[in-house]
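Position 1 is the first residue of the sequence; numbering continues from there. What you see is a predicted model; the values in this text were computed from it and never measured.
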Amino acid sequence: MGKGGCIPPVGVVEHANNAPKTSTGRRNSRDITIEDLSAKTSIDECWIAYDGGVYDVTHWLAKHPGGIRAIMSAAGSDATSVMKSLHAPNTLEVFMKRIRKVGTLVAEDEATVSTAVIGAGNENKDKKAEAAALNNQDDAGPKNKKRDGYIRNQAIHKEFDALSQRLMKEGWYTANPLDYWAPILRCAVFLGIGVKAVLWSQESGTLLEEYSILKNLLFVFGSILFGMFFQNIAFMGHDAGHGSVTGNFKHDLLFGFFVGNAFAGIDVGWWKSSHYVHHSATNSLHDDPDIQHMPLLCFDERMGDNRWSTYHGRYMPFDAIGRAVIPYQHWYFYPVMAVARVNLYLQSILYLIHTCPLFGENTKAGKKIIDDKTGKVREKYAWPKPTLTIWSLSVLSLGFFWTMMYLFFSQLDVMPAIICFAVSHFTAGILHVQILLSHVAMHYCADGHGTTEAVTVPNGNDQAGYFEWQALSTMDVDCPPWMDWFHGGLQFQLEHHLFPRVPRWRLRELCALTDEIFAKYDVPVVRIPFIEANKMILSHMATVGANVVKMKSL
């Protein structure tokens with residue numbers, strides 16, 4: 001999707017002021033304007049801006065370890081902030097050298113105004129004052145609002161960049177695998193006691209046979225612990241996907257196969273392809289797969305427009321089923337979350353089928369398709385093809401999970417097996433509530449990270465820079481420290497989105513540092529208790545469900 005109207009990165013205006021001119025007074029041909037950049041958003045020609053430079057990433061799309069979709073969600077825009085947040089500095093240093101730089105990003109309007117003023121020097125102070133006066137006229141005008149947006153975004157970006165440098169110097173990003181002894185022990189306890197309790201409750205010839213109530217309670221207790229194991233181990237799989245367990249890509253990938261594929265049944269490759277896009281384009285109607293659940297769930301009225309999903313490569317229909325059920329989505333939200341894990345199992349299997357390196361081409365980034373109804377040309381992105389070794393490890397580790405599941409449930413009679421599966425997965429569904437809780441009732445945009453149609457942005461620009469958009473699209477869940485294990489530390493979702501490589505058990509400390517910056521620029525931060533947050537999203541879903549059906553019936 002195009003990312004028109006993107007806010008330029010830090011350093012763009014400064015560079016524009018000093019941009020070299022030719023003898024005719026025009027800027028160097030390698031200077032690229034925001035408008036030029038925003039036109040390069042297809043799989044045939046994809047450009048992004050990074051640290052003031054513009055790079056042609058077209059040939060990198062199919063090679064990107066995080067998948068094609070993560071890059072395309074930032075295509076045609078400044079990706080500096082999201083790239084620095086998701087990648088270690090040494091990773092960017094190595095890989096950006098392999099990508100062709102096509103020019104330097106400049107802001108045309110800012111360059112025109114600034115060079116006219118700065119070039120005048122001391123001899124034309126009157127002209128400088130006149131230009132300043134003209135700039136200050138009609139502050140509500142589009143140009144001034146856009147200019148103010150530039151300045152605001154640059155200031156916020158600089159603050160967070162300085163904070164990131166401070167965190168790096170103080171060792172916040174340093175990975176320490178020994179920190180995982182407690183989460184691993186907790187998961188082992190949940191799994192061991194849970195499985196043992198379920199099996200023991202079903203054994204014959206034990207004292208429990210005389211006490212059916214105790215037998216049933218033990219069975220349910222074991223099933224709940226089994227579900228808590230799934231919920232807790234997902235947090236470690238999340239860390240492995242972000243490369244924050246050991247700090248080594250290969251080691252974290254192997255750890256991801258262990259805690260994600262082998263013990264959770266969720267493929268780490270699929271998780272990366274989805275989650276990286278969520279970070280790059282949080283609450284983007286077209287891009288973010290975490291909010292695209294039509295026609296079952298609708299989180300924003302604009303999703304009733306049958307919007308195109310760049311992640312899934314299809315339209316998200318608002319059909320007869322949606323019209324019938326969406327007004328009641330706040331009633332069936334929790335039942336859907338209770339079985340949502342089954343969908344992750346299916347998505348993991350489908351992903352391995354799509355990404356099998358034995359079939360299809362490994363070099364294509366996607367294909368163009370024509371919509372029969374509208375005649376519009378859309379792009380359907382290809383799925384990345386890993387090496388045969390990586391793909392085989394994914395399949396084998398996922399096969400190990402299902403073998404263990406079969407061996408466990410085959411020891412139970414049919415009905416107890418069904419009940420245990422249901423109770424454990426209903427319990428694990430808490431995780432899916434936690435995931436959506438941080439975003440459902442927040443702000444939405446059309447594309448990217450708040451770059452288009454962010455109609456509820458409080459700064460009045462209908463646009464937001466990367467860091468501001470994270471605060472507008474993400475809420476924190478407030479809870480006492482002794483509950484951090486339950487939320488995995490990721491209840492501080494805003495801080496995680498700002499600095500995803502910081503270990504999650506340090507996010508609570510990080511709140512004070514990020515809050516200070518947001519308060520300085522009057523950016524609202526939402527941090528409310530778990531129950532209140534649930535009430536908030538249910539109210540939001542009820543309102544959206546009623547409004548979208550009413551709008552479409554007019």
Counting N and O atoms only, with roles assigned by atom type, does the side chain of [X] sit under 3.5 Å from a partner on the main chain of [Y], one being a donor and the other an acceptor?
X	Y	value
Ser284	Ala446	yes
Asp305	Arg307	no
Gln329	Met541	yes
Arg323	Phe318	yes
Lys385	Cys356	yes

Inset, instruction - Could you go through the side-chain contact (heavy atoms from CB on, under 4.5 Å) check for Phe230 and His425 one step at a time? - result: CA-CA 8 Å; Phe230 284 136; His425 283 65; 4.0 Å; yes
Inset, instruction - Any salt bridge (Lys or Arg N to Asp or Glu O under 4.0 Å) involving residues 479-489? Give me the pairs, sequence neighbours left out, ordered by first then second residue. - result: Asp484-Arg508
Inset, instruction - Could you check Thr246, Asp252, Val245 and say which one makes a side chain to side chain contact (heavy atoms under 4.5 Å, CB included) with Asp239? - result: Val245
Inset, instruction - Go through Ile419 and Phe219 one step at a time and tell me if the side-chain contact (heavy atoms from CB on, under 4.5 Å) criterion holds. - result: CA-CA 9 Å; Ile419 295 174; Phe219 174 77; 3.5 Å; yes
Legend entry - His87 ring center within less than 6.0 Å of His242 ring center: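 So the answer is no for these two rings.
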Legend entry - Ring centre gap for His439 and Tyr444 strictly below 6.0 Å: no
Flag for [Y]-[X]: side-chain donor and acceptor within less than 3.5 Å:
X	Y	value
Tyr276	Arg69	no
Asn534	Tyr334	yes
Arg341	His432	no

Legend entry - Among Arg501, Arg527, Arg504, Arg506, salt bridge (Lys or Arg N to Asp or Glu O under 4.0 Å) partner for Glu495: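 The option that passes is Arg527.
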Inset, instruction - Return the orientation label for the His497 and His278 ring planes: parallel under 30°, perpendicular over 60°, tilted otherwise. - result: perpendicular
Inset, instruction - Measure up the Phe160 and Phe499 rings against each other and bin them: parallel (under 30°), tilted (30 to 60°), perpendicular (over 60°). - result: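 Plane angle between 30° and 60°, so tilted.
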Inset, instruction - Please lay out, stage by stage, how Leu472 and Met442 fare under the test side-chain contact (heavy atoms from CB on, under 4.5 Å). - result: CA-CA 6 Å; Leu472 297 174; Met442 300 301 285; 6.0 Å; no
Inset, instruction - Take Tyr345 and Phe401 through the ring pair (Phe, Tyr, Trp, His ring centres under 6.0 Å) test and state the conclusion after the steps. - result: CA-CA 11 Å; Tyr345 294 151; Phe401 171 80; 5.7 Å; yes
Inset, instruction - Give the C-alpha distance, both sets of side-chain angles, the deciding distance and a yes or no for side-chain contact (heavy atoms from CB on, under 4.5 Å) between Phe530 and Met483. - result: CA-CA 11 Å; Phe530 184 71; Met483 282 295 292; over 6 Å; no
Inset, instruction - Identify the heavy atoms of Thr282 and Trp469 that sit nearest to each other, and give their distance. - result: O-NE1, 2.8 Å
